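A short worksheet on the structure shown next.
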There are 2 protein chains.
Amino acid sequence: MAVAGGAGSRPMRADARRNYDRLLEEARQAFVTHGTDVALEDIARSAGVGIGTLYRHFPDRTALMTAVFETELDALSVRGTELLTLDPPTEALRLWLRDVALHTAMYRGVAAILMASQNPFTAACRDRLREAGGALLRRAQEAGEVREDTEIADLLKLTHAVLLAAEKSPEDRELFGRLMGLIMDGLRAKTG
Amino acid sequence: MAVAGGAGSRPMRADARRNYDRLLEEARQAFVTHGTDVALEDIARSAGVGIGTLYRHFPDRTALMTAVFETELDALSVRGTELLTLDPPTEALRLWLRDVALHTAMYRGVAAILMASQNPFTAACRDRLREAGGALLRRAQEAGEVREDTEIADLLKLTHAVLLAAEKSPEDRELFGRLMGLIMDGLRAKTG
DNA sequence: TCACTATACGGAGGTGACCTCCGTTTACGC
DNA sequence: GCGTAAACGGAGGTCACCTCCGTATAGTGA
């Protein structure tokens with residue numbers, strides 16, 4: 001996703017830039033603390049700006065969520081690249097998916113958003129994840145450790161679905177690990 | 001779940017019973033047509049009762065959703081019992097889970113509700129599903145077709161999670177089948 | 001048939017969040 | 001400094017939720 005005020009358009013005015021950054025930071029904290037259905041007016045207030053300013057910078061809640069999530073996407077891209085050198089490839093894939101979960105779970109509600117396909121903001125997020133994860137999956141497939149008929153898009157959807165389930169059963173700390181374990185076993189299974 | 005006006009308490013007054021039934025029927029149609037986040041006031045209006053009457057019978061949206069879903073639960077229980085005689089047991093289990101998905105997918109939004117553990121109404125729904133599915137899973141395990149370290153609660157959570165993912169990608173009609181296939185393969189995999 | 005009362009009805013109105021709109025303010029280039 | 005494009009901000013319209021309580025009525029017993 002283009003950095004606000006980035007290439008092409010002229011740079012943002014100083015006050016706009018300042019407000020944008022503060023909103024992003026306050027939103028991050030609010031999402032972590034209260035989940036992503038926190039009232040947007042609260043975020044605007046914490047950032048010391050009017051609600052109109054929030055909506056100018058982020059036209060809807062999803063835009064704000066995905067902007068916050070950009071930082072995690074960067075981390076996950078880097079991590080994905082690192083893991084390309086880890087063996088065995090299936091373990092690298094498994095670790096990366098676990099990291100996807102860890103970074104996503106920071107913000108209760110993001111997993112649900114990432115599964116929905118409509119919004120252009122989330123579409124951009126998903127593309128970045130697929131890029132990073134696709135390489136890891138392909139490597140595991142080429143090593144013959146993972147069945148060929150699986151695509152990264154499906155695997156990410158499954159991961160987010162499981163994450164969502166785990167989010168909704170907070171009392172069961174092991175749930176995510178158990179369910180993902182089942183899935184990883186399915187990945188290794190012979191095709192057909 | 002106890003039928004309203006059932007054993008114990010005295011029967012409902014005729015007008016109350018009539019309104020209850022109409023509300024349930026209108027809610028069913030509204031949920032199918034518009035999804036479960038339809039405005040409750042619309043349901044009340046279609047049923048020809050005041051909003052207060054709706055809230056008296058169904059204290060919150062979840063109560064209404066689960067009451068509607070009762071019919072499907074009955075069907076799924078019956079189906080579960082039937083399938084206990086089908087071979088191979090894993091196929092019976094697979095078919096039942098597919099039916100769970102079909103009956104749940106009728107009402108966009110129900111899958112999400114069934115995954116949340118807090119509410120007593122949904123807890124009752126989940127218990128019924130577990131009862132029906134538990135027998136099928138146990139049978140498949142005793143036949144040695146499914147790994148022993150899997151529990152019906154996890155399997156249902158996974159099914160609902162996948163269903164939710166499919167709900168959010170309506171353009172991909174095959175998604176549910178693909179993802180569940182992966183999971184069923186994981187179920188068959190050797191433990192450890 | 002009538003009157004009595006527990007039960008149920010209904011919708012006005014308070015609450016809270018969303019989002020838009022536009023008059024006011026301000027940063028920045030000249 | 002001055003002009004203007006860019007940005008601010010919050011009042012207020014909208015919508016759904018949910019409660020509360022005055023009114024209506026089904027069922028009962030005489």
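Not measured: the values here are computed from a predicted model. Residue numbering restarts at 1 for every chain, and letters A, B, ... go by the order of the sequence lines.
- In this structure, the side chains of Leu93(A) and Glu145(A) stay at 4.5 Å or more apart for every pair of heavy atoms.
- For the pair Asp15(A) CG and dA5(D) P, the computed distance is 16 Å after rounding to whole Å.
- Rounded to a whole Å, the OH atom of Tyr55(A) is 14 Å from the C1' atom of dG12(D).
- Remark: Glu171(B) CD is packed, more than 12 non-hydrogen atoms of other residues, nucleotides or ligands lying under 6.0 Å away.
- Here the P atom of nucleotide dA12(C) and the CD1 atom of Ile51(B) are 13 Å apart, to the nearest Å.
- Nearest-nucleotide positions on DNA chain D for Ala14(B) and Leu40(B) put Leu40(B) closer to the 5' end.
- With hydrogens and angles left out, the side chain of Arg56(B) and the base of dA8(C) share no donor-acceptor pair within 3.5 Å.
- Note that CG of Leu83(B) and CZ of Arg94(B) are 10.5 Å apart. Values are rounded to the nearest 0.5 Å.
- Taking only side-chain nitrogens and oxygens, Arg61(A) comes nearer than 4.0 Å to OP1 or OP2 of dC18(C).
- Using a 4.0 Å cut-off, some side-chain N or O of His57(A) falls inside it from OP1 or OP2 of dC8(D).
- One atom, CG of Asp21(B), and another, P of dC9(C), lie 12 Å apart when rounded to the nearest Å.
- Regarding contacts with the backbone of dA7(D), every side-chain N or O of Asn19(A) stays at 4.0 angstrom or more from both OP1 and OP2.
- The side chain of Ala16(B) approaches dA8(C) more closely than any other nucleotide in the set dA8(C), dC19(C), dA6(D).
- The distance from atom CZ of Arg130(A) to atom CG of Leu137(A), rounded to the nearest 0.5 Å, is 12.5 Å.
- Remark: C1' of dT7(C) and CZ of Arg10(B) are 9 Å apart, rounded to the nearest angstrom.
- Counting only heavy atoms from C-beta outward, the side chains of Phe121(B) and Pro59(B) approach each other to under 4.5 Å.
- Look at CZ on Arg22(A): it is 19 Å from P on dA7(D), rounded to the nearest Å.
- Contact check, Thr53(A) against dG9(D): a side-chain N or O comes under 4.0 Å of OP1 or OP2.
- Atom CD1 in Ile43(A) sits roughly 18 Å away from atom P in dG16(C) (whole-Å rounding).
- Two residues, Pro59(A) and Asp42(A), neighbour DNA chain C, and the one matched to the more 5' nucleotide by heavy-atom proximity is Asp42(A).
- Across the interface with DNA chain C, nearest-nucleotide mapping of Gly48(B) and Asp37(A) shows Gly48(B) to be the residue nearer the 5′ end.
- One atom, CE of Met12(B), and another, P of dT25(D), lie 18 Å apart when rounded to the nearest Å.
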